[in-house]
K.L.:
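Provided herewith is a single structure, encoded as structure tokens, for subsequent inquiry.
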Amino acid sequence: MNLRTLLGERLQAALRDAGAADAPPIVGPATRPEFGDYQANGALAAAKRLGMKPRDLAAQVVEAADLSGIAARSEVTGPGFISLTIDDDFLSEALADGRLEPAGNGERVVVDYSHPNLAKEMQVHHLRSTIIGDAVARVLDALGYDVLRQNHVGDWGTGFGRLVAHLNDIGEDSEALGDLERFYTEASERFANDAAFADRARQVVVDLQGGDPATLERWQRYIDISMSHCQAVYDRLGVGLNPEHVRGESAYNDDLDGIVEDLQAKGLLSESDGALCAFLPEFKGKDGKIVPIIVRKSDGGYLYHSTDLAAVRYRTGTLRAKRVLYVVDARQSLHFKQLFALAKRAAYDAGASLEHHPFGMMLGNDGRPFKTREGSGTRLLDFLDEATVRARRLVEAKNPELDAKEMDRVARAVGIGAVKYADLSKNRTGDYVFDWDAMMSFEGNTAPYLQYAYARIQSLFQRGQVDAAALTGKPTIRAAEEHALALQIARFQETLEQVATTVMPHHLCTYLYDLAAAFMRFYERCPVLDSEFRDDRLLLCRHTAATLSRGLNLLGIETVDRM
RNA sequence: GCGCCCGUAGCUCAACUGGACAGAGCAUCGGCCUUCUAAGCCGGCGGUUGAAGGUUCGAGUCCUUCCGGGCGCGCCA
């Protein structure tokens, strides 16, 4: 149940009755506790247009609005705000219901994320796309959208010539394939220093593009190995990607000639220095000249523009997506603007919404692009190892009585969770500073704080020998802390919808932090197990735990019963 | 040169897309553990939101100019 939408509808009706038919009610959380739970600001703007005094209009709306059973109090405050306090019984019922509304209504959405380059192992800079995309996909799933994950891996291009040539030389069962970083470096060094090898590598590219079966087989072998490295990272990270979601650049090879023919037929291409380009006037570069979109190189080869066009057509056509979300590095902004503009001209978008949701870089403390310690490189697997090791050190210090198996699980949940949360909790489309020490201090708005809140509740159940699943019914709400906690739980739906609309998971992080904080305050001031209101408070605890767990899960973060 | 993004407390970040007195955490100072996990709670200190104009009943948010930082601008992706 989306409380905010519900209030909006009721106030909208009252505004209409007051003569402000198309005025939005503008409902949001109250900015200060003395203004209740929600506030509506729409009367101010509407009054201006109607030539009324804002307070008079607001009073009319308050009078006319049907908020019975929803708001315990509604009043005009300040220059013409409407302050709303939600009814305790209403909150109690909302809690007992606890279901998510399928607001997505089965609408099909493609989420394009992760897309590592298979020439190398996954790097730290693949982290953001992978975990932001994963969280977005999970939230959309939970809201009843029909989500199709697409991993547009970089599995094609001239770079694979030297890799396959190297593979040919050292044998496909070589141990060197266990370390793709080194394999890649070796191949690159040979390409630079060994003319004969470089020639063979170039021939491999020709063979690949020509579809030579033996070469393709070797290429596939390399891709399979590289993908298995990626899958290991995905499994370690706990993101929901698997081979079914992979549709890489190579999958569109057969479409590219047709794309070019079609674009030509539509009069969108012209030749320039031997390359086929689209010149769209809105893309002015230096000297006022148009920055071209090169769809075919002068040597006849294709570039990522062409592949991406084919992917757009596939996603909106074959997959019939209504929305395609690209969770990709901000540096690709121009590329996507051009891609979307050309796709629209060619009618490949099929009326779907094509959206680039950019993000910045991970920076180190020094403000430069993040590196793991000692300059040991930026391999994502190493990075995740470090996160788990650091988490284990802290958990061991705090709770040494956990057995080895549980310690493993907690270290993983806390380490990986902290890394993900540090990233997901930031709104910035720009860069953000990643700091091991700050993140691992486990204070404030961090995953461990949320996990700790959850663990405290589980501990409470255990101590009281409570079967949480057996707790049912509607809790009676009495204390202010109980009201605040129940209200926050009731806001889950509107928060998820906000994430779905904005494609910004940090709203969910802020929500969960506020929820955990509301619980901590409740927990400090409202004894549970020894209370005469034990059952009511246990119900609040149960719903808090369920919402924390569900919310963290949507961020791809695990919970633990003890930590 | 042109374009995009960013600039909020000493530091790291919010501010629900134009609403009330800009909020958290860290750091710092102080209070709370014989009672449900102190990885917690409560309080103090800390701001001319880079600068100057403009629009508006109302601007961190929108517009203009400037300053500072990042990124991108034809055959890599």
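As the structure is a prediction and not an experimental result, all values here were calculated from the model. Below, chains carry the letters A, B, ... as their sequence lines are ordered, and counting in each starts from 1.
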K.L.:
Do side-chain atoms of A/Q493 reach the backbone of A/E101 as a donor and acceptor pair under 3.5 angstrom?
P.N.:
yes
K.L.:
Suppose you measure atom C1' in B/G50 against the same atom in B/U8; what distance do you get, rounded to whole Å?
P.N.:
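Those two atoms are separated by 10 Å.
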K.L.:
Expressed in angstrom and rounded to an integer, what is the separation of A/H335 atom NE2 from B/C5 atom P?
P.N.:
18 Å
K.L.:
Give a yes or no on whether the backbone of A/L118 and the side-chain of A/S226 come within a donor-acceptor separation of less than 3.5 Å.
P.N.:
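Checked: pair present.
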K.L.:
Run the numbers on A/D437 and A/R390 for salt bridge (charged side-chain N to carboxylate O under 4.0 Å, His left out), then give the verdict.
P.N.:
CA-CA 10 Å; A/D437 293 329; A/R390 283 172 178 267; 3.7 Å; yes
K.L.:
With both distances under 3.5 angstrom, what nucleotide forms a Watson-Crick or G-U wobble pair with B/G40?
P.N.:
B/C32
K.L.:
Within this structure, what is the CZ-to-C1' distance between A/F283 and B/G1, rounded to whole angstrom?
P.N.:
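From A/F283 CZ to B/G1 C1': 19 Å.
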K.L.:
Taking the C1' atom of each, how far is B/C36 from B/G25, in whole Å?
P.N.:
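One C1' to the other, the span is 26 Å.
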K.L.:
One thing to verify: whether A/R491 and A/D514 come together as a salt bridge, which I'm taking to mean a side-chain N less than 4.0 angstrom from a carboxylate O.
P.N.:
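Salt bridge: no.
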K.L.:
With a 3.5 angstrom cut-off on both distances, give the Watson-Crick or G-U wobble partner of B/G58, or none if there isn't one.
P.N.:
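Check on B/G58: unpaired, no WC or wobble geometry under 3.5 Å.
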K.L.:
What's touching nucleotides 57-62 of chain B from the protein side, N or O pairs under 3.5 Å?
P.N.:
unit_1: B/C57; atom_1: OP1; unit_2: A/K48; atom_2: NZ; d: 2.0

K.L.:
Sort out the partner of B/G74 for me: Watson-Crick or G-U wobble, both distances under 3.5 Å, none otherwise.
P.N.:
none
K.L.:
Just call it for A/C526: base, sugar-phosphate, or nothing, with non-hydrogen atoms closer than 4.0 Å on any strand.
P.N.:
base
K.L.:
Would one find more than 12 heavy atoms of other residues, nucleotides or ligands at under 6.0 Å from atom CZ of A/R73?
P.N.:
no
K.L.:
Heavy atoms under 4.0 Å, any strand shown: does A/Y513 hit a base, just sugar-phosphate, or nothing?
P.N.:
sugar-phosphate
K.L.:
For A/E249 and A/E494, take the nucleotide of RNA chain B holding the closest heavy atom to each; which residue's nucleotide lies nearer the 5' end?
P.N.:
A/E494
K.L.:
Quick one: does A/S272 reach the base of B/G74 with a side-chain donor-acceptor pair under 3.5 Å?
P.N.:
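Looking at the base of B/G74, it does pair with a donor or acceptor on the side chain of A/S272 (distance under 3.5 Å).
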K.L.:
Between B/C5, B/A15, B/U8, which one does the side chain of A/H506 approach most closely?
P.N.:
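When the side chain of A/H506 is considered, B/A15 is the closest of B/C5, B/A15, B/U8.
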K.L.:
Do A/Y449 and A/Y421 have ring centres separated by under 6.0 Å?
P.N.:
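That pair fails the under 6.0 Å test.
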K.L.:
Please pick, from B/A77, B/A20, B/C16, the nucleotide with the shortest atom-to-atom distance to any side-chain atom of A/Q498.
P.N.:
B/C16
K.L.:
Taking only N/O atoms, report every protein-nucleotides 37-48 of chain B pair under 3.5 Å with atom names and distance.
P.N.:
unit_1: B/U37; atom_1: OP1; unit_2: A/S459; atom_2: OG; d: 3.1
unit_1: B/U37; atom_1: OP1; unit_2: A/Y523; atom_2: OH; d: 3.2
unit_1: B/U37; atom_1: OP2; unit_2: A/S459; atom_2: OG; d: 2.6
unit_1: B/U37; atom_1: O2'; unit_2: A/Y452; atom_2: OH; d: 2.0
unit_1: B/U37; atom_1: O2'; unit_2: A/R456; atom_2: NE; d: 2.9
unit_1: B/U37; atom_1: O4; unit_2: A/M563; atom_2: N; d: 3.4
unit_1: B/A38; atom_1: OP2; unit_2: A/R456; atom_2: NH2; d: 2.1
unit_1: B/A39; atom_1: OP1; unit_2: A/K398; atom_2: NZ; d: 2.1
unit_1: B/A39; atom_1: OP2; unit_2: A/K398; atom_2: NZ; d: 2.6
unit_1: B/G40; atom_1: O2'; unit_2: A/R456; atom_2: NH1; d: 3.0
unit_1: B/G40; atom_1: O2'; unit_2: A/E524; atom_2: OE2; d: 3.3
unit_1: B/C41; atom_1: OP1; unit_2: A/Y449; atom_2: OH; d: 2.6
unit_1: B/C41; atom_1: O4'; unit_2: A/E524; atom_2: OE2; d: 3.3

K.L.:
Is a donor-acceptor contact shorter than 3.5 angstrom present between the side chain of A/R49 and the base of B/U56?
P.N.:
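Flag unset: no donor-acceptor pair detected.
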K.L.:
Among the candidates B/C73, B/G74, B/G70, find the nucleotide nearest to the side-chain atoms of A/M361.
P.N.:
B/G70
K.L.:
Which atom pair, heavy atoms only, marks the closest approach of A/I294 to A/C277?
P.N.:
CG1-SG, 3.8 Å
K.L.:
With distance as the sole criterion, do the side chain of A/R428 and the base of B/C6 form a donor-acceptor contact below 3.5 Å?
P.N.:
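Under the 3.5 Å cut-off, the side chain and the base do not form any donor-acceptor pair.
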K.L.:
What nucleotide among B/U12, B/U17, B/C73 has an atom nearest to a side-chain atom of A/R4?
P.N.:
B/U17
K.L.:
Under 3.5 Å, is there any donor-acceptor pair linking the side chain of A/T77 to the base of B/A20?
P.N.:
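A donor-acceptor contact between them is present.
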K.L.:
For B/G47, which nucleotide in any strand shown is its Watson-Crick or wobble partner with both distances under 3.5 Å?
P.N.:
none
K.L.:
Of the listed nucleotides (B/U17, B/C6, B/A20), which one gets closest to any side-chain atom of A/T429?
P.N.:
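The nucleotide sitting nearest to the side chain is B/C6.
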